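Keep in mind that this is a model prediction, so the values were computed, not measured. Here, residue 1 is the first one in the sequence, and each next residue gets the next number. When reading the values below, keep in mind they use all heavy atoms of this one structure, side chains included, and skip hydrogens, waters and symmetry mates.
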Amino acid sequence: MYVVTGAGPVGYTIAEQLAELGHPVRVLTRSGSGPDHPLVEKMRVDASDPEQLKEAVAGSAAIFHCIHGSAYSAAAWAAELPRAEQVVMDAAATAGAVVVFPESLYSYSEPGQIMTESSPREASGGKRGIRTALLNARRAHAANTVSVVAGDFFGPRVKMAHAGERMVTPILAGKKLQFIGSASQPHSFTYVPDLAAAMIAASGKPELWNSVLHAPTGAAVTQREIAVAHAQAAGLTTPKVSAVPGWALRAAGLVSTDMRELAELLYQFERPFVMDSSESQRALGLQPTPLPEAAAATMAWWRGADQRGS
């Protein structure tokens, strides 16, 4: 039996893939959400409650911890994430389960270089420093863990992302697109089903536990190129693309907390921001989904979501 905490794009996709592989899955959320599948048990559980979690994960082989902060801010992350991860790792150690975490590129301290599995992860301050501290805490804990790093998300169910709702909705409406930073710098985007597949594969390879892996991620593309790929996949007109310059976003951050939190990560969009996943792909036996195929699946999901009103 496998346990997934959270039913956002990553948790939902992991649960769906596990069930399709024939594995029983227990999805833990406060709302009781998750995929509708005979092998998926949806439970209303507060994963930050040690007693509830200990009972829910008993007998599990792996826990996929896919819960994030309640807000996109350093304050929320610092208040919520370290304790939540400790609770999960404590429960996993008791159950004898490995914990598999989705991870970001925020902790990489030399982002101007191509980021590989062996690149330094020593970033400090703000959200970047919190991700570094989380990785260090995982390494120090008695539980077995695996952290699978992804670039910016795209794919079915991905809404709150640079290549999510803010990109797809204007494309479907035939409207102009506006990104942040630069629309012409190479940037690594990870297809969420590829991240899910990598996390599942890593859970079954003890030789890869207690390490940091990279999710299979295709060649870096510009924000303009990923938008064009999605439009073409859906047979739509190529969108007009522009970008909000960094100085404007930083200026807005002087009066807006949300803009200040976003401006902290502008370095990812003003210059090349590229990861290499070739080493992990060899270890996991996986390859990234080609962009045209991934974009087609993404746009098909969005069109279905429009019809469902979700």
Side-chain angles (χ1 to χ4, degrees), residues 72 104-116 119 123 126-128 131 149-155 158-192 194-195 214-254 256 258-278 288-299 302:
Y72 185 72
S104 71
L105 292 163
Y106 288 18
S107 68
Y108 285 71
S109 42
E110 296 179 0
Q113 308 295 320
I114 295 176
M115 292 167 282
T116 71
S119 294
K127 294 184 289 296
R128 298 181 68 197
R131 300 314 309 184
V149 174
D152 274 290
F153 292 164
F154 77 102
V158 176
K159 294 185 177 181
M160 302 300 291
H162 296 283
E165 190 170 30
R166 283 175 284 176
M167 180 187 78
V168 176
T169 302
I171 290 174
L172 289 172
K175 295 182 178 180
K176 182 179 179 180
L177 272 170
Q178 192 169 61
F179 291 107
I180 66 168
S182 170
S184 303
Q185 292 290 342
H187 190 91
S188 288
F189 292 92
T190 300
Y191 185 50
V192 163
D194 291 341
L195 169 61
H214 281 189
T217 300
V221 295
T222 68
Q223 293 186 97
R224 177 177 284 105
E225 287 169 338
I226 197 167
V228 169
H230 279 72
Q232 290 178 341
L236 299 171
T237 303
T238 299
K240 293 182 179 179
V241 176
S242 65
V244 179
W247 65 263
L249 200 60
R250 292 184 179 93
L254 296 175
S256 167
D258 289 345
M259 290 299 100
R260 188 159 57 250
E261 294 289 348
L262 190 58
E264 180 191 348
L265 283 308
L266 265 172
Y267 71 94
Q268 298 181 3
F269 296 95
E270 293 179 312
R271 299 182 292 278
F273 190 70
V274 181
M275 65 181 286
D276 182 311
S277 58
S278 55
T289 303
L291 179 55
E293 179 182 335
T298 301
M299 297 304 280
W302 273 97

On a heavy-atom basis, the closest approach of Ala220 and Pro186 is CB-CB, 4.0 Å
Ring centres under 6.0 Å, that's the criterion: do His162 and Phe269 meet it?
yes
With the side chain counted from C-beta on, respond yes when Ser182 and Glu270 share a heavy-atom pair under 4.5 Å apart, and no when they do not.
no
Checking Lys127 against Tyr72: charged group under 6.0 Å from the ring centre and within 45 degrees of the axis?
yes
Just verifying a value: how many Å separate Gln232 CD and Thr238 OG1, rounded to the nearest 0.5 Å?
5.5 Å
Give me the atom names and distance for the closest heavy-atom approach of Leu291 to Ala229.
CD2-CB, 3.7 Å
From CA spacing to verdict: side chain to side chain contact (heavy atoms under 4.5 Å, CB included), Gln113, Ser119
CA-CA 9 Å; Gln113 308 295 320; Ser119 294; over 6 Å; no
Residues Ile114, Met275; criterion side chain to side chain contact (heavy atoms under 4.5 Å, CB included); working and verdict
CA-CA 5 Å; Ile114 295 176; Met275 65 181 286; over 6 Å; no
For the student: nearest non-hydrogen atoms of Ser277 and Ala215, plus distance
CB-O, 3.2 Å
What pair of heavy atoms forms the shortest contact from Ala183 to Ala243, and how long is it?
N-CB, 3.9 Å
Give a yes or no on whether the ring-centroid distance for Tyr191 and Phe154 is below 6.0 angstrom.
yes
Apply the test side chain to side chain contact (heavy atoms under 4.5 Å, CB included) to residues Trp302 and His230: give CA-CA distance (whole Å), side-chain angles for both, the deciding distance (0.1 Å), then the verdict.
CA-CA 11 Å; Trp302 273 97; His230 279 72; over 6 Å; no
Mind listing the closest non-hydrogen atom pair of Ala294 and Thr289 along with its distance?
N-CG2, 3.9 Å
Is the shortest heavy-atom distance from the side chain of Lys176 to the side chain of Ser242 under 4.5 Å?
yes
Just by distance, no angles: are the side chains of His214 and Asp276 close enough, under 3.5 Å, to form a donor-acceptor pair?
no
All heavy atoms of Ile226 vs all of Ala163, minimum pair found to be CD1-CB, 4.3 Å
Short question: side chain of Gln223, backbone of Ile180 - any donor-acceptor pair under 3.5 Å?
yes
Point-to-point distance, once rounded to the nearest 0.5 Å, from CD of Glu225 to CZ of Phe189:
10.0 Å
Check whether any side-chain heavy atom of Ser188 sits under 4.5 Å from a side-chain heavy atom of Phe273, and report yes or no.
no
Taking the side chain as C-beta and beyond, is there a heavy-atom pair between Leu105 and Met115 under 4.5 Å?
yes
Side chains of Arg224 and Phe179, heavy atoms from C-beta outward: is any pair under 4.5 Å?
no
So Leu236 and Met299, side chain to side chain contact (heavy atoms under 4.5 Å, CB included) or not? Walk me through it.
CA-CA 10 Å; Leu236 299 171; Met299 297 304 280; 4.3 Å; yes
Any Met167 side-chain heavy atom under 4.5 Å of Leu177 side chain:
yes
Thr217 vs Thr190, side-chain hydrogen bond (donor to acceptor under 3.5 Å, both in side chains): CA-CA, chis, key distance, verdict
CA-CA 5 Å; Thr217 300; Thr190 300; 2.8 Å; yes
On the six-membered ring of Tyr108, is Arg128 placed so that its NZ or CZ lies under 6.0 angstrom from the centre and within 45° of the ring axis?
no
